[in-house]
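Here the structure is a predicted model, which is why all the values come from computation and not from measurement. Basis for what follows: all heavy atoms, side chains included, without hydrogens, waters or symmetry-related copies. Below, chain A is the first sequence line, B the second, and so on; all start at residue 1.
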Protein chains: 2
Amino acid sequence: MVQKNKKPPSAAKIEAPVAPKRRGRPRAYEPDVALGKALDLFRRDGFAATSLDDLSAATGMNRPSLYGAFGDKRELYIKSYQRYRDDARAAMVDIFRADAPLRERLERIYRIALDIYLSGESGPRGCFTVMTAASEAVSDPDIRAMVLEGLTELDKAFGICFRHAKERGELPDGADPASLAHLASATIHTIAIRARARVPRGELEAIVKGAVDVMCRAK
Amino acid sequence: MVQKNKKPPSAAKIEAPVAPKRRGRPRAYEPDVALGKALDLFRRDGFAATSLDDLSAATGMNRPSLYGAFGDKRELYIKSYQRYRDDARAAMVDIFRADAPLRERLERIYRIALDIYLSGESGPRGCFTVMTAASEAVSDPDIRAMVLEGLTELDKAFGICFRHAKERGELPDGADPASLAHLASATIHTIAIRARARVPRGELEAIVKGAVDVMCRAK
DNA sequence: ATTTTTTTGTACCATTTCGCATTAAATTCC
DNA sequence: GGAATTTAATGCGAAATGGTACAAAAAAAT
């Protein structure tokens, strides 16, 4: 039995949006929730320390199903990271777009960030980028590209915030939006790291408050 | 043959400082340089991805010798981390102690930090704490304690800097040394992460310059 | 009912991993 | 020179790892 083409050539244009009425045995998992479980594991333990057995147990999928659905371990890791970035972006994009005073926007962003970093039953989960992706970035060009993309995306979003605030007169003329944006990103990074060391939320919030004060002081 | 006491009880007070004239076969390695090699590996690949074979090859010691000299993998990791922290502290302590203007002190600290993070033949090595230790910190209390200690130590050192600067009138009365210290640490953290993503030194220096400008602006 | 298609479940394989047991080598003390 | 002692070197072994082959199962299509 030679199976050569993965997609039947006849079904070229038909793209069922809801219930594609798949042909064979139905899958016993939902890809989205499975990917979420994999993401949790990778985020907690990193790439190397997460075994396929762990992933299999957490997702409820056996190894061949995992492989068929997401590819090998590295592909699953990358898909998990993409998922993480999508979720984080979705949680922040509204705030970045919103037309609110600078301080309020910053406070809301950092509140979301703390929620992301501190959630998790078995300890704070930290930030995927900072905790594991940055480590892989040195040796893996694809992951490195994703990390760089994420870093500059955050810088840019903060940059728009500060430029906007400056135009509105919330910042002094001498203020440099790009530098402030880097400081805002740096504050994200430092709380991600500290969260991982189990620094309690109150302390992290104090650090954030101090940073916001410095970044917003229009003196 | 039962060997029970590791040290001969008779040599209680004698502590030869230079050449102890050891009794058996001389070791073929220097513990210090071997630990340095192990540190390089752990820093590059993290705990899980570094195998004892890798460590054995890099140090030139075979596995049992490694084991005898440093204990198991986790102990070696911890000793490597201690070594890293000692080196980093030694490289910075003079600058922190020095009595120089704030801006100059900060610039020198960041120059050292960049040197540490960007050195290495096979890509930038980044910061041990940020790259691998913070990941282990969630599950390993000992490593967590070391990470926390390192974080607060840096915060405190910067804090002294800023308090000192404020007393000297280099900062406005409204400036909060503690908040500025956290921002200074955050800048360390952000360049450590970016270095790992192979952001070139020039960009990192620009980020540092902007951060220093914000932290030093005495307006 | 039979065929086709897709997924599941079990089991397996080659490799790697950590740790240690054992023997050989090199040095000091007597 | 020989005993004692410390280290090096080889290699074993049990367990874990990433990946896959293969057959059974569950659905649609004919």
Side-chain angles (χ1 to χ4, degrees), chain A residues 1-11 14 16 18-31 33-34 38 41-42 45-80 136 140, chain B residues 1-11 14 16 18-34 38 41-42 45-78 80 136 140:
Chain A
M1 195 205 290
V2 182
Q3 49 175 357
K4 210 172 180 182
N5 35 358
K6 297 195 170 184
K7 288 180 182 177
S10 56
I14 304 167
V18 190
K21 223 170 192 181
R22 308 180 59 87
R23 194 129 138 60
R25 175 172 178 170
R27 42 174 61 136
Y29 59 91
E30 282 188 85
V33 314
L41 275 198
F42 277 131
D45 297 333
F47 178 78
T50 303
S51 71
L52 285 186
D53 278 341
D54 297 334
L55 292 164
S56 181
T59 58
M61 303 164 65
N62 41 39
R63 217 111 36 97
S65 296
L66 260 182
Y67 208 82
F70 303 110
D72 69 2
K73 191 181 171 187
R74 179 174 167 277
E75 287 180 76
L76 177 53
Y77 179 85
I78 289 180
K79 290 193 170 85
S80 298
E136 310 298 327
D140 191 312
Chain B
M1 194 206 290
V2 182
Q3 48 175 355
K4 210 172 179 181
N5 37 358
K6 298 195 171 185
K7 287 180 184 178
S10 56
I14 304 168
V18 191
K21 222 170 191 182
R22 306 181 61 85
R23 194 130 140 59
R25 176 172 175 170
R27 43 173 62 136
Y29 58 92
E30 280 187 88
D32 278 356
V33 313
L41 274 198
F42 278 131
D45 298 333
F47 178 78
T50 303
S51 72
L52 285 186
D53 278 341
D54 297 335
L55 292 164
S56 180
T59 58
M61 302 165 64
N62 41 40
R63 214 113 33 95
S65 296
L66 260 182
Y67 208 80
F70 302 110
D72 69 3
K73 192 180 169 185
R74 178 173 168 279
E75 287 180 76
L76 178 52
Y77 179 85
I78 290 180
S80 298
E136 310 298 327
D140 191 313

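The shortest distance between side-chain heavy atoms of A:K73 and A:L76 does not fall below 4.5 Å. At a threshold of 4.5 Å between non-hydrogen side-chain atoms, the residues B:M61 and B:F70 count as touching. Counting only heavy atoms from C-beta outward, the side chains of B:L52 and B:Y67 never approach each other to under 4.5 Å. Looking at heavy atoms from C-beta onward, B:Y29 lies out of side-chain contact with B:T59 at the 4.5 angstrom threshold.
The phosphate of C:dC18 (OP1 or OP2) has no side-chain N or O of B:Y67 nearer than 4.0 angstrom. In this model, the phosphate group of D:dA8 is not approached by any side-chain N or O of B:N62 to a distance below 4.0 Å at OP1 or OP2. Checking the phosphate oxygens (OP1, OP2) of D:dT6, no side-chain nitrogen or oxygen of B:R23 falls inside 4.0 Å. OP1 or OP2 of C:dT8 has at least one side-chain nitrogen or oxygen of A:S65 nearer than 4.0 Å.
With hydrogens and angles ignored, a donor-acceptor pair closer than 3.5 Å exists between the side chain of B:R25 and the base of C:dA25. No hydrogens or angles were tested; on distance alone, nothing pairs the side chain of A:R63 with the base of C:dG9 as donor and acceptor under 3.5 Å.
The distance between atom CG of A:L66 and atom P of C:dG9, rounded to the nearest whole Å, is 12 Å. Across the protein-nucleic acid pair, B:L76 atom CG and C:dC18 atom P stand 11 Å apart, rounded to whole Å. Atom CG in B:D45 sits about 11 Å away from atom P in C:dT17, given to the nearest Å. In this structure, CZ of B:F70 is placed 12 Å from P of D:dT7, rounded to the nearest angstrom. Nucleotide C:dC18 holds its P atom 15 Å from the CD atom of B:E75, rounded to whole Å. Rounded to an integer number of Å, the gap from A:L55 CG to D:dG18 C1' is 11 Å. Atom pair A:K73:NZ and D:dG19:P shows a separation of 8 Å (rounding to whole Å applied).
Comparing A:Y29 and B:D53 against DNA chain C, the residue whose closest nucleotide sits nearer the 5' end is A:Y29. Mapping A:D72 and B:G60 onto DNA chain D via the closest heavy atom, the residue that lands nearer the 5' end is B:G60. Take the nearest nucleotide of DNA chain D for A:F47 and for B:R27: the residue whose nucleotide is more 5' is B:R27.
Looking at B:D54, its side chain does come within 3.5 Å of a backbone N or O of B:S51 through a donor-acceptor pair.
Relative to the side chain of A:P64, the nucleotides D:dA21, D:dA26, C:dG19 differ in distance, and D:dA21 lies closest.
Backbone-only engagement by A:T50 is indicated by non-hydrogen atom pairs under 4.0 Å involving sugar-phosphate atoms exclusively.
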